[in-house]
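Reviewing the structure listed below.
Just so you know, these numbers come straight off a predicted model, no measurement behind them. Residue numbering restarts at 1 for every chain, and letters A, B, ... go by the order of the sequence lines.
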Protein chains: 2
Amino acid sequence: MTAATPTARVPQEERTRVMRARLLEACVEVLIERGYAGTSTTLVSERAGVSRGAQLHHFPTKADLVVAAVEHLTLVRGADLAAAAEALPRGSHRTRAVLEMLGEHFSSPVFTAALELWVAARTDAELLAAVGPLEQRVGRDAHRLTVELLGVDESRPGHRELIQATLDLVRGLGLANTISDDARRRRRILDQWARTLDAALADPADPADTGTDQHPEDPA
Amino acid sequence: MTAATPTARVPQEERTRVMRARLLEACVEVLIERGYAGTSTTLVSERAGVSRGAQLHHFPTKADLVVAAVEHLTLVRGADLAAAAEALPRGSHRTRAVLEMLGEHFSSPVFTAALELWVAARTDAELLAAVGPLEQRVGRDAHRLTVELLGVDESRPGHRELIQATLDLVRGLGLANTISDDARRRRRILDQWARTLDAALADPADPADTGTDQHPEDPA
DNA sequence: TAACAAACAGTCAAGACTGACTTTTTCTCG
DNA sequence: CGAGAAAAAGTCAGTCTTGACTGTTTGTTA
């Protein structure tokens with residue numbers, strides 16, 4: 001009945017896209033709830049409301065599914081960070097706000113899912129081949145974003161390392177957050193680090209460098 | 001000392017102790033090599049050279065085995081840190097040496113095993129009940145040790161948080177180390193962190209208030 | 001409209017892991 | 001020295017997961 005089809009006609013290309021998206025979203029959800037080992041393909045298909053056969057059509061093996069989910073997750077994480085960066089306030093508490101954003105991001109469920117994959121990839125060569133490069137890219141993007149947001153001049157000695165340290169710090173905080181949520185502790189640590197970081201980035205004598213002025217939006 | 005015992009007589013208590021130790025060591029080894037999910041009880045018993053039934057006698061379930069391994073690992077980690085602390089040089093590069101020690105520790109296989117348990121515990125209530133308190137204890141011990149080694153006065157505002165940040169930093173570095181070993185990067189970051197940390201801990205004005213006052217914040 | 005291809009759904013067998021059960025060896029005590 | 005108890009070894013059934021197979025529906029093209 002091609003003549004008249006008053007009901008919703010959905011192109012198969014669109015259907016494929018939606019189906020895959022549902023599976024990937026469900027995969028990430030299950031990853032967060034049950035961990036990598038607890039993520040069975042059966043569970044994902046049930047969660048997605050997709051039949052087992054359909055799932056197998058799109059992703060023949062578990063590895064195919066999870067690797068695709070990793071890539072999906074990478075996009076989500078990138079979008080997350082970019083969106084959070086947009087909403088950042090300008091002004092005197094810029095550094096603290098940037099740290100807060102990073103801290104939030106690395107304590108979010110999205111990071112938890114990434115952590116599961118990270119750890120699983122250590123002992124799974126196939127997964128590692130997919131996760132490794134992606135994680136590296138995410139790391140570089142986060143670094144670049146942080147440098148931009150803070151207006152850091154990476155040519156000044158030590159400044160690049162301070163940003164790297166900042167990112168590793170929030171990663172460590174995120175790790176600790178996974179089994180014992182302690183937002184207060186995190187807040188206090190980031191409060192202090194914001195002050196120390198500002199001092200280190202501003203002080204021309206500290207990293208052994210003659211001072212030029214900071215970024216323009218530096219307040220009183 | 002009954003009449004005659006020419007062959008090696010081993011008391012059953014000692015045998016039990018040895019048997020358990022072998023199983024726990026093997027369990028940690030497998031944990032590092034295969035990850036938590038890849039750690040089957042069968043594999044551990046084979047690795048330990050202990051029969052399946054014998055293993056089951058000492059540790060009826062997988063949870064029993066792994067939880068015991070967690071406790072064992074806690075002792076190992078504590079001993080590791082204490083031993084490393086002994087060998088520390090005194091003098092001008094004290095801070096850098098302490099950071100090096102921490103960095104090494106949190107990049108060692110022992111940390112990797114702990115990380116596996118850490119992540120697994122997130123989605124395993126029984127494991128979490130065992131891992132949570134132990135990890136907390138290890139964290140506190142590491143904090144205390146670092147404070148001692150660096151001679152930090154925690155009553156000064158912000159100093160406690162800086163030590164916490166340092167430990168979270170090395171945790172983050174250790175996490176990154178699990179899938180891509182980059183010792184050079186770690187060294188550069190810790191070089192800079194040592195300088196920044198020394199400056200922040202030494203300068204009486206730096207960590208202090210930037211306008212708003214800072215409560216000494218007792219150790220909650 | 002008919003034929004063909006792609007997407008989807010359901011079923012099932014092979015493999016792996018856990019933990020209970022049974023037998024054999026070793027230690028201790030009367 | 002012998003009997004009983006504890007420890008260790010070996011075997012096995014139940015359960016879960018994966019991915020392959022077969023049939024059905026939906027969309028495209030001639």
Close N or O pairs between protein and nucleotides 20-24 of chain C (under 3.5 Å):
none

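Atom NZ of A:Lys62 is separated from atom P of D:dT18 by 5 Å (rounded to the nearest Å). The distance between atom CZ of A:Arg17 and atom C1' of C:dA6, rounded to the nearest whole Å, is 18 Å. Rounded to whole Å, the distance from CD on A:Glu46 to C1' on C:dG10 is 13 Å. Across the protein-nucleic acid pair, B:Leu43 atom CG and C:dC17 atom P stand 8 Å apart, rounded to whole Å. Rounded to whole Å, the distance from CZ on B:Arg34 to C1' on C:dA16 is 13 Å. The separation between B:Asp124 atom CG and C:dT18 atom P is 13 Å, rounded to whole Å. One can place CZ of B:Arg20 at 11 Å from P of D:dA8, the figure rounded to the nearest angstrom. For the pair B:Gln55 CD and D:dA9 C1', the computed distance is 12 Å after rounding to whole Å.
The ring pair (Phe, Tyr, Trp, His ring centres under 6.0 Å) check on B:Trp118 picks up nothing, with sequence neighbours excluded. With sequence neighbours left out, the ring pair (Phe, Tyr, Trp, His ring centres under 6.0 Å) criterion links A:Phe111 to A:Phe106. Residues satisfying the salt bridge (charged side-chain N to carboxylate O under 4.0 Å, His left out) test with A:Glu25, not counting sequence neighbours, are none. Residues satisfying the side chain to side chain contact (heavy atoms under 4.5 Å, CB included) criterion with B:Ala165, sequence neighbours excluded, are A:Leu169, A:Ile189, B:Trp193. Evaluation of the salt bridge (charged side-chain N to carboxylate O under 4.0 Å, His left out) rule for B:Asp141 yields B:Arg144 as partners, not counting sequence neighbours. Every residue meeting the side chain to side chain contact (heavy atoms under 4.5 Å, CB included) condition with B:Thr61, not counting sequence neighbours, appears here in chain and number order: B:Ala63, B:Asp64.
Residue pairs meeting the ring pair (Phe, Tyr, Trp, His ring centres under 6.0 Å) criterion with at least one member in residues 29-57 of chain A, sequence neighbours excluded, do not occur. The salt bridge (charged side-chain N to carboxylate O under 4.0 Å, His left out) analysis of residues 69-82 of chain A, with sequence neighbours excluded, yields the pairs A:Arg77-A:Glu135. Within the structure, salt bridge (charged side-chain N to carboxylate O under 4.0 Å, His left out) pairs that include any residue of residues 96-120 of chain B comprise A:Arg122-B:Glu116, B:Arg96-B:Glu100, B:Arg96-B:Asp191 (at least two apart or interchain).
Using a 4.5 Å heavy-atom cutoff, the side chains of A:Gln192 and A:Arg188 are not in contact.
In this structure, A:Arg22 contributes its side chain and A:Ala48 its backbone to a donor-acceptor pair below 3.5 Å. The backbone N or O of B:Leu173 lies less than 3.5 Å from no partner atom in the side chain of B:Arg186, so there is not a single donor-acceptor pair.
Within residues 64-71 of chain A, no residue has a heavy atom under 4.0 Å from DNA chain D. Using a 4.0 Å cut-off on heavy atoms, none of the residues of residues 22-33 of chain B approach DNA chain C.
Contact check, A:His57 against C:dC8: no side-chain N or O comes under 4.0 Å of OP1 or OP2. Contact annotation: A:Thr41 side-chain N/O to D:dT18 OP1/OP2 distance is under 4.0 Å.
Nearest nucleotide to the side chain of B:Thr42, out of C:dA9, D:dA8, C:dT18: C:dT18. The A:Ser40 side chain lies nearest to D:dT18 when the options are D:dT18, C:dT18, D:dA8.
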